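To keep things clear, I will list the structure first and then write my remarks on it.
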Number of protein chains: 2
Amino acid sequence: MAYQSESLIAQAREIREASGVSQRALSERAGLTQSHISQIESGKLEPGLSSFIDMTRALDLELMLVPKKLVPAVLGLVKAQAMPDMHIHAGQPNDKRFARAERLVKKMKHLYGSSADLDRIEDTIRFLRRVNLSDQEMQLVRELIARLERYQASAQAAPVVHDIAQNLQRLRNSLAHAAPSEPRPAYSLDDGDADA
Amino acid sequence: MAYQSESLIAQAREIREASGVSQRALSERAGLTQSHISQIESGKLEPGLSSFIDMTRALDLELMLVPKKLVPAVLGLVKAQAMPDMHIHAGQPNDKRFARAERLVKKMKHLYGSSADLDRIEDTIRFLRRVNLSDQEMQLVRELIARLERYQASAQAAPVVHDIAQNLQRLRNSLAHAAPSEPRPAYSLDDGDADA
DNA sequence: CGTCCCGATACAGAATAATGCATCATTCGT
DNA sequence: ACGAATGATGCATTATTCTGTATCGGGACG
């Protein structure tokens with residue numbers, strides 16, 4: 001229905017498809033339901049800003065505010081860069097575990113309000129899931145998530161959450177250095193503009 | 001509550017303030033209520049994607065999808081450009097008329113569904129209101145709007161709407177050429193990033 | 001001191017997004 | 001021909017946005 005967001009949503013969809021990510025996969029990564037995404041993409045629903053951000057972030061995109069004046073410049077930049085080959089690292093066996101974790105965090109966020117810690121956790125999880133983890137690392141993550149699950153409703157959750165956030169981030173940082181080559185873009189990111 | 005959109009919203013607010021636009025003024029331009037905007041800006045409410053787009057467009061901004069990889073580049077571009085002096089052309093006496101018109105269009109859109117024509121009208125109005133119109137031109141606009149108002153509920157609205165859209169756009173095009181110098185940016189468009 | 005504009009807040013009501021399932025028709029690989 | 005995965009749809013329920021309108025305290029200006 002809403003015309004303004006149409007182009008943005010269409011772009012997101014194109015990129016999702018070009019990256020070979022299914023709605024279901026995306027829904028898990030983004031913490032939304034497949035049904036939801038389908039309706040958004042087919043224009044039957046106008047997403048909330050944060051839903052849309054979740055979607056796009058899960059596609060390795062950022063939503064940015066740009067002065068109208070230099071939209072063309074940015075468009076140029078983007079288009080130039082959008083050539084190469086690979087597609088985003090899709091579902092590993094562990095995906096479901098991560099998906100659940102992300103859901104959990106999301107739920108906690110809008111139950112107790114979002115905190116910097118919860119947010120860090122969410123972010124880190126998104127990062128971790130697209131990395132190949134050794135058994136040992138995976139083990140650590142599993143434990144942390146389990147701990148989060150256990151304490152989610154506890155009155156004393158705050159410090160626990162903080163600790164978990166810290167541990168996850170530590171892991172993330174350690175990986176960020178040794179990380180070998182990884183997936184890259186594939187989409188085109190065009191527009192459908194026609195001004196008078 | 002939602003952390004992801006926080007930065008975006010904060011940016012929008014900064015820019016609004018830097019441009020010397022009040023919430024009320026913005027609310028009129030964007031077709032939202034002041035109350036709504038206040039709540040969005042103070043984080044008490046998570047806007048819908050289209051609401052947010054309306055807001056930002058009214059501030060001469062575009063919401064763009066950018067691959068994470070080249071966020072820094074875009075940021076550079078934007079920041080470089082953001083120096084000068086003026087502020088966005090604020091309320092003229094005619095503003096209220098335009099505001100009402102925009103509201104009307106919005107209402108029609110979500111009453112009968114948005115059409116390309118309605119959208120064109122909305123867009124054009126947004127453009128026209130920031131231009132100094134001669135009495136004659138203003139007269140034309142006033143008539144067109146009045147016509148729209150009259151036919152809004154009519155069963156035969158479609159062709160009328162189409163005609164109005166066309167007329168408005170014609171006016172817009174004629175202005176786009178002769179247009180003298182006009183307002184420019186003033187804001188900074190920074191970020192609050194801190195990665196690990 | 002009075003007035004005007006600002007942003008924040010309240011509140012009732014209508015409209016919609018979003019969840020959580022479940023299902024279906026199609027397409028694709030085997 | 002079969003099974004798996006994809007996107008579209010339906011539906012009931014809950015949560016949230018958004019409108020409209022009105023008020024309030026604060027700051028600026030005269």
Side-chain angles (χ1 to χ4, degrees), chain A residues 1-2 4-5 9-10 12-55 87 90-91 93 95-96 99-100 102-114, chain B residues 1-2 4-5 9-10 12-14 16-55 87 90-91 95-96 99-100 102-114:
Chain A
M1 288 267 177
Q4 322 106 18
S5 37
I9 293 178
R13 171 170 216 161
E14 275 168 35
I15 291 172
R16 178 185 63 76
E17 287 174 343
S19 311
V21 180
S22 77
Q23 288 184 347
R24 278 184 175 85
L26 178 58
S27 80
E28 288 174 354
R29 288 196 214 170
L32 311 171
T33 54
Q34 180 263 330
S35 144
H36 194 188
I37 292 190
S38 168
Q39 304 195 54
I40 290 172
E41 286 190 345
S42 51
K44 301 199 158 34
L45 212 60
E46 184 63 22
L49 174 58
S50 55
S51 296
F52 189 65
I53 293 182
D54 284 341
M55 267 184 67
H87 60 84
D95 256 350
K96 299 203 173 176
R100 279 217 335 177
E102 245 177 85
R103 286 250 173 163
L104 172 61
V105 174
K106 247 205 148 207
K107 187 154 287 179
M108 289 179 69
K109 273 170 80 168
H110 97 348
L111 224 55
Y112 311 123
S114 83
Chain B
M1 288 263 180
Q4 323 106 19
S5 37
I9 293 178
R13 172 172 213 159
E14 276 168 36
R16 177 184 64 77
E17 287 174 344
S19 313
V21 179
S22 78
Q23 289 183 348
R24 280 187 172 83
L26 178 58
S27 80
E28 287 173 354
R29 289 197 213 171
L32 310 171
T33 54
Q34 181 263 330
S35 146
H36 195 187
I37 292 189
S38 169
Q39 303 194 51
I40 291 173
E41 285 190 345
S42 51
K44 299 198 160 33
L45 212 59
E46 184 64 20
L49 175 58
S50 55
S51 295
F52 189 65
I53 292 183
D54 284 341
M55 267 185 64
H87 59 84
D95 255 350
K96 299 203 174 177
R100 279 219 334 178
E102 245 177 86
R103 286 251 175 163
L104 172 59
V105 173
K106 250 209 148 204
K107 188 154 287 181
M108 290 178 68
K109 272 169 79 168
H110 95 350
L111 224 56
Y112 311 122
S114 81

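Reminder, nothing fancy here: chain letters follow the sequence lines and each chain counts from 1. Just so it is clear, the structure is predicted and the values come from calculations on it, not from any experiment.
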Fill in the blank from the handout: Rounded to whole Å, the CD-C1' distance (B:Gln23 to C:dT9) equals 12 Å

Problem - Working for side chain to side chain contact (heavy atoms under 4.5 Å, CB included), residues B:Glu28 and B:Gln34 - result: CA-CA 8 Å; B:Glu28 287 173 354; B:Gln34 181 263 330; over 6 Å; no

Practice task
Ignoring backbone atoms, test whether B:Thr33 places a side-chain nitrogen or oxygen under 4.0 Å from the OP1 or OP2 oxygen of D:dG20.
Solution key: no

Exercise for the section: Flag the pair A:Ser38 / A:Thr33 as yes when at least one side-chain heavy-atom distance between them is below 4.5 Å, and no otherwise. Expected result: no

Practice task
Ignoring backbone atoms, test whether A:Ser35 places a side-chain nitrogen or oxygen under 4.0 Å from the OP1 or OP2 oxygen of C:dC21.
Solution key: no

Practice task
Could you say whether B:Gln39 or B:Gln34 is positioned toward the 5' end of DNA chain D, judged by the nucleotide with the nearest heavy atom to each?
Solution key: B:Gln39

Exercise for the section: Identify, between B:Ser42 and A:Arg24, the residue whose nearest nucleotide on DNA chain C lies closer to the 5' end. Expected result: B:Ser42

Exercise for the section: Determine whether B:Arg29 and B:Met55 make a side-chain contact, defined as any pair of heavy atoms from C-beta on separated by less than 4.5 Å. Expected result: no

Practice task
Using a strict cut-off of less than 4.0 Å between a Lys/Arg side-chain nitrogen and an Asp/Glu carboxylate oxygen, indicate whether A:Glu17 and A:Arg13 qualify as a salt bridge.
Solution key: yes

Handout entry: Heavy-atom side-chain proximity of A:Gln39 to A:Glu46 below 4.5 angstrom
Key = no

Exercise for the section: May I ask you to evaluate whether A:Lys44 reaches the phosphate of D:dT9, defined as a side-chain N or O under 4.0 Å from OP1 or OP2? Expected result: yes

Handout entry: Nearest to side-chain heavy atoms of A:Arg13, which nucleotide of C:dA18, D:dA8, C:dA8
Key = D:dA8

Problem - Rounded interatomic separation in angstrom, taking CG from A:Leu32 and C1' from C:dA17 - result: 11 Å

Exercise for the section: Check the distance between C:dA18's P and A:Met55's CE and give it to me in whole angstrom. Expected result: 11 Å

Practice task
Could you check how far NZ of B:Lys106 sits from C1' of D:dT19, rounded to whole Å?
Solution key: 10 Å

Practice task
Return the value, rounded to whole Å, for the distance between atom NE2 of A:His36 and atom P of C:dT16.
Solution key: 15 Å

Fill in the blank from the handout: Separation of D:dT9 atom P from A:Glu41 atom CD, nearest Å, is 12 Å

Problem - Rounded interatomic separation in angstrom, taking CG from B:Leu26 and C1' from C:dC5 - result: 16 Å

Problem - For atom CD of B:Glu46 and atom P of D:dC18, their distance in whole Å - result: 9 Å

Exercise for the section: Look at the side-chain N and O atoms of B:Ser22 and state whether any lies under 4.0 Å from the OP1 or OP2 oxygen of C:dC6. Expected result: yes

